[in-house]
Amino acid sequence: VQLQASGGGLVQAGGSLRLSCATSGPTFSRYAMGWFRQAPGKEREFVAAITSRDTGTYYADSVKGRFAISRDNARNTVYLQMNSLKPEDTAVYYCAADPSVVATIRGTVLYWGQGTQVTVSS
């Protein structure tokens, strides 16, 4: 499985961005998907995850109510809608895939995508 993240950019505080992660292969619907981020000088941290059949979503406390993860199994793509962005959301954002949503939340996944930079100016 190959993951290709896109949609990052520069946005002012309070603005919105939508990240996309397109995947290759016919088995997308078998994988839980997640988003992580890594800010300069910090460890990579969990942001959001969604189960393989879109039966549940999970969020870090820092993004609850502002970010929304979704997936389109017909398009083999997972999205992260980010609203009310803050400067502390600035980071490289990575998508991840694993059959287990627990592993996805923990970051112990089988597959990682390359990152996409999100910069929020104050």
Side-chain angles (χ1 to χ4, degrees):
V1 175
Q2 293 185 327
L3 311 177
Q4 181 75 36
S6 62
L10 173 63
V11 64
Q12 289 188 333
S16 298
L17 281 175
R18 187 175 81 155
L19 305 183
S20 300
C21 178
T23 69
S24 64
T27 59
F28 176 73
S29 63
R30 298 181 186 178
Y31 290 90
M33 300 295 296
W35 288 95
F36 290 74
R37 66 187 182 187
Q38 187 167 20
K42 295 187 177 181
E43 293 186 354
R44 186 156 53 188
E45 64 175 2
F46 169 74
V47 175
I50 188 167
T51 57
S52 60
R53 299 300 180 127
D54 196 8
T55 55
T57 56
Y58 306 86
Y59 297 93
D61 288 344
S62 58
V63 306
K64 279 182 183 176
R66 299 188 298 121
F67 290 12
I69 188 171
S70 61
R71 65 190 296 155
D72 185 338
N73 284 354
R75 296 179 182 269
N76 288 4
T77 302
V78 64
Y79 304 97
L80 185 68
Q81 178 68 43
M82 305 186 295
N83 300 324
S84 302
L85 282 161
K86 305 175 181 180
E88 52 263 43
D89 294 319
T90 295
V92 178
Y93 282 71
Y94 299 88
C95 56
D98 194 274
S100 165
V101 71
V102 173
T104 302
I105 294 168
R106 291 175 175 171
T108 55
V109 299
L110 287 176
Y111 304 104
W112 289 99
Q114 96 295 351
T116 185
Q117 176 72 47
V118 172
T119 303
V120 184
S121 63
S122 58

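All values derive from a computational prediction rather than experimental measurement.
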Checklist entry - With hydrophobic residues grouped by side-chain heavy-atom distances under 4.5 Å, do Phe67 and Met33 end up in a single group? => result yes

Next on the checklist: If the test is side chain to side chain contact (heavy atoms under 4.5 Å, CB included), which one of Val78, Thr104, Val63 qualifies with Trp35?
Outcome noted: Val78

Item to check | Gly8 versus Leu19, closest heavy-atom pair with distance | outcome: N-CD2, 3.6 Å

Checklist entry - With sequence neighbours left out, what residues match Thr77 under side chain to side chain contact (heavy atoms under 4.5 Å, CB included)? => result Ser20, Ala22, Arg75, Tyr79

Item to check | From CA spacing to verdict: side chain to side chain contact (heavy atoms under 4.5 Å, CB included), Val47, Tyr59 | outcome: CA-CA 6 Å; Val47 175; Tyr59 297 93; 6.0 Å; no

Item to check | Euclidean distance, Asn76 CG relative to Ser29 OG, rounded to 0.5 Å | outcome: 8.0 Å

Next on the checklist: Would the distance check show the side chain of Ser24 and the main-chain N or O of Gln2 forming a donor-acceptor pair, the cut-off being under 3.5 Å?
Outcome noted: yes

Checklist entry - How close do Asn73 and Phe28 get, heavy atom to heavy atom, and via which atoms? => result OD1-CE2, 3.0 Å

Item to check | Qualifying residue for side chain to side chain contact (heavy atoms under 4.5 Å, CB included) with Arg71, from Thr23, Asp54, Thr51 | outcome: Asp54

Exercise answer: donor-acceptor pairs, residues 81-101 side-chain atoms, under 3.5 Å, sequence neighbours excluded:
residue : atom : partner : partner atom : Å
Gln81   : NE2  : Asn83   : OD1          : 2.9
Asn83   : OD1  : Ser16   : OG           : 2.9
Asp89   : OD1  : Arg37   : NH1          : 2.9
Asp89   : OD1  : Arg66   : NH2          : 3.0
Asp89   : OD2  : Arg66   : NH1          : 2.7
Asp89   : OD2  : Arg66   : NH2          : 3.4
Asp89   : OD2  : Lys86   : N            : 2.8
Thr90   : OG1  : Pro87   : O            : 2.9
Thr90   : OG1  : Val120  : N            : 2.9
Thr90   : OG1  : Val120  : O            : 3.4
Tyr93   : OH   : Arg37   : NH1          : 3.0
Tyr93   : OH   : Asp89   : O            : 2.6
Asp98   : OD1  : Ser100  : N            : 2.8
Asp98   : OD2  : Leu110  : N            : 3.1
Ser100  : OG   : Val102  : N            : 3.2
Ser100  : OG   : Ala103  : N            : 3.1

Next on the checklist: Considering only residues two or more places apart or on different chains, which pairs with a residue in residues 56-92 satisfy disulfide bond (SG atoms under 2.5 Å apart)?
Outcome noted: none

Checklist entry - Any chain of hydrophobic side-chain contacts (each under 4.5 Å) joining Val11 to Leu80? => result yes

Next on the checklist: Checking Phe46 now: which residues fulfil ring-ring contact (aromatic ring centres under 6.0 Å, His included) with it, not counting sequence neighbours?
Outcome noted: Phe36

Checklist outcome for this item: Between Leu3 and Cys21, the two heavy atoms sitting closest are CB-SG, 3.8 Å

Checklist entry - Under the side chain to side chain contact (heavy atoms under 4.5 Å, CB included) test, which residues partner Thr27, sequence neighbours left out? => result Val1, Arg30, Tyr31

Checklist entry - Would you say Thr57's side chain and Ile69's backbone share a donor-acceptor pair under 3.5 angstrom? => result no

Checklist entry - Got a sec, which pairs hit side-chain hydrogen bond (donor to acceptor under 3.5 Å, both in side chains) with one end in residues 112-122, sequence neighbours left out? => result Gln117-Thr119

